[in-house]
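Report on the structure given below.
These numbers come from a predicted model, not from an experiment. Along the sequence shown, residues are numbered consecutively beginning with 1.
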Amino acid sequence: MRLLLGWLVLVATLGVLRSAPEDQATGISEDTLKQLSLNGEKLVDEEVRRALYGVKQMREVMWRNEQKHQHLMKSLRNSIDKKKGAHQLAQEVTEKLEEAEEQCRDSLQSEWAACRPCLEDACKTFYTSTCRRGFGLFKAKVDSFFRRVSRRFGPREPREDSGDIMVNQGTAEPDPEVDRIEDSFRRLTGRVGALVSRSAALVSGMSGRLDGVLRDAFLNGSVAPTEEPAAAAELYDAGRDSGFLQGVGLEEFGAVVTQALDDVHAAVEDKKKRGMETFTRFLQNRKLCRDLRKQTSECWQLQSQCEACQGPLLTECPSVEELHVELAEVSQVLDVSKEQYEEILSIVQRHTDESVDWLSNMAAQFGWVARAGVDSTAPGKVFLITAVAPKSRDGQNASEIQVEVNILNSPPLLLSVPGELEPREPSFIQYVAQEALNKFKEMVRDEDE
């Protein structure tokens, strides 16, 4: 309804404008109107050319961003695979540990009941006397660890969440954020592609009025930018995007996790070879403090201080301790793989969001040119002034000049020009052309919304 009323007012006003008597006219001849139209057309051509260069830049940036996005997504999928592998390994070790402890449960209940108080006290005493820092948090983790072991060796206790090894947390389920990123980038690609296609149609119709750079950019059929881009492998600078990955390319981060997984097996085999005495001797107090802060299962290393822990717990179930240590190390590898996944995901998110923001701003600034229409190259369709008349108020001298103009195949537009601008001065046509362009852009924005 508002649009219809606007058109009725415009038609009525244009009728008055065109029916104005000759003695009220500004004295502008047909030749002057044609010259004004030609001068305005040059200004509009320049604005169209500038906007097409903006679309050209959008296309080139989008091409490079697509290459980088593909590179990042490949690295992200690789990190997902590594995280799944670490999670699977942790589950396998957990299953082995539960199986080994189940075999020991019946025969070792009484031995564990005697061993636990001494070992728990030895672990806390060692920490308070040697490590000191952070005892409150450490005590809570130690209590959780010994409750968990008691559930396996001795009578079952109410299950509580572990604060130490969290194998079951953060399972390798698909992350919906990855799908959101892919969908967002896919829609962005489609939006820019449609904008470029419509701009190419405009360039095709206006090829005689545009320079060779624009014709080549839009009509040569090539998707790649006119300037030779860097190789795809060089498009991504890990050091620029993330300090975490500095010195390790995204292609290599998978090898880091793989190496860490291999180190777990190598470390376990090495511990078996060296034996319990060599292993205990190797761990000095400072290292043991660090180990205890990371994993409270390292309390096992202090069992030599407890006579009650020297009997069947060592001779009948040697694999239990080894599996506890292995599980602690595998859990660390799992944590590393999760951190790497989150780091890569944050980089992909940031790259996608920045691409969307930048290209959206560029589209808001230059996207209007794609709506100009292919037949804008027809005579009088780029810019044409059809009428100029003064607008007086209460019989006084004209304070404004009304101009009827067509621009870029738009419906007739009625503009009000300050009366102090003389039609024969350059400032007059500059004002009219800019106002007409602004109204055309506003019309395009309203249609898009």
Spatial distance of atom CG (L43) from atom OH (Y431) [nearest 0.5 Å]:
15.0 Å
When you look at W358 and M362, which way does the side-chain contact (heavy atoms from CB on, under 4.5 Å) test go after all the steps?
CA-CA 6 Å; W358 188 86; M362 291 288 286; 3.6 Å; yes
How about C118 and C309: are their SG atoms under 2.5 Å apart?
no
Once you round to the nearest 0.5 Å, how far does CZ of F383 lie from CG of N39?
9.5 Å
Evaluation steps, side-chain contact (heavy atoms from CB on, under 4.5 Å), between D45 and M206
CA-CA 10 Å; D45 278 347; M206 298 181 66; 3.9 Å; yes
Residues at least two apart in sequence or cross-chain that pass side chain to side chain donor-acceptor pair (under 3.5 Å) with T189, listed by chain then number, are none
Sub-4.5 Å side-chain heavy-atom contact between L384 and V405
no
Flag the pair R50 and E46 as a salt bridge only when some basic side-chain nitrogen lies within less than 4.0 angstrom of an acidic carboxylate oxygen.
yes
Do V192 and V61 have side chains that get closer than 4.5 Å, going by heavy atoms?
no
CG of L52 to CZ of R59: how many Å apart, nearest 0.5 Å?
12.0 Å
Can you find a heavy atom in the side chain of E47 that is under 4.5 Å from one in the side chain of K441?
yes
Applying side-chain hydrogen bond (donor to acceptor under 3.5 Å, both in side chains) to H87 and E92, what does each step give before you reach the verdict?
CA-CA 9 Å; H87 188 269; E92 292 174 358; over 6 Å; no
I344 and L72 have their tightest heavy-atom pair at CG2-O, 4.3 Å
Would you call K96 and E99 a salt bridge, taking side-chain N to carboxylate O under 4.0 Å as the test?
no
Using only heavy-atom distances, determine whether the side chains of N438 and E442 contain a donor-acceptor pair under 3.5 Å.
no
Going through the distances and angles, do T128 and F138 end up as a side-chain contact (heavy atoms from CB on, under 4.5 Å)?
CA-CA 10 Å; T128 55; F138 175 74; over 6 Å; no
With a 4.5 Å heavy-atom cut-off, do N65 and E354 have their side chains touching?
no
Nearest 0.5 Å, please: how far is CG in L334 from NZ in K83?
8.5 Å
Looking only at heavy atoms, which two atoms of L415 and A436 are closest? And how far apart?
CD1-N, 3.9 Å
Regarding H71 and E66, do their side chains bring together a donor and an acceptor under 3.5 Å, going by distance alone?
no
Side chain proximity check, S331 to L327, heavy atoms < 4.5 angstrom
yes
Report the relative orientation of the aromatic rings in F440 and W368; use parallel for angles under 30°, tilted for 30 to 60°, perpendicular for over 60°.
perpendicular
Looking at V55 and F366, what are the two nearest heavy atoms and their distance?
CG2-O, 4.0 Å
Enumerate the salt bridge (charged side-chain N to carboxylate O under 4.0 Å, His left out) contacts for residues 184-194, please, sequence neighbours excluded, ordered by first and then second residue.
D183-R186, D183-R187
Do V333 and L89 have side-chain heavy atoms sitting under 4.5 Å apart?
no
Between the side chains of E60 and K56, is the shortest nitrogen-to-carboxylate-oxygen separation below 4.0 Å, so that they form an ion pair?
yes
If you measure from NE2 on H351 to NE2 on H69, what distance do you get to the nearest 0.5 Å?
8.0 Å
Candidate list I429, I385, L413, test side chain to side chain contact (heavy atoms under 4.5 Å, CB included), partner V403, passing option:
I385
NZ/NE/NH1/NH2 to OD/OE distance under 4.0 Å, D81 and R77
no
Can you confirm whether D353 sits close enough to R350 that some side-chain heavy atom of one is under 4.5 Å from a side-chain heavy atom of the other?
no
Rounded at 0.5 Å granularity, tell me how far CZ in R215 sits from CG in N220.
12.0 Å
Residues L76, Y341; criterion side-chain contact (heavy atoms from CB on, under 4.5 Å); working and verdict:
CA-CA 7 Å; L76 182 61; Y341 166 76; 3.7 Å; yes
Looking at every non-hydrogen atom in both residues, tell me the closest pair between A122 and L302 and how far apart they are.
O-CD1, 3.8 Å
Over all atoms of both residues, closest heavy-atom pair of S199 and V369:
OG-CG1, 4.1 Å
Quick one: closest heavy-atom pair of S184 and V356, and the distance?
OG-CG2, 3.7 Å
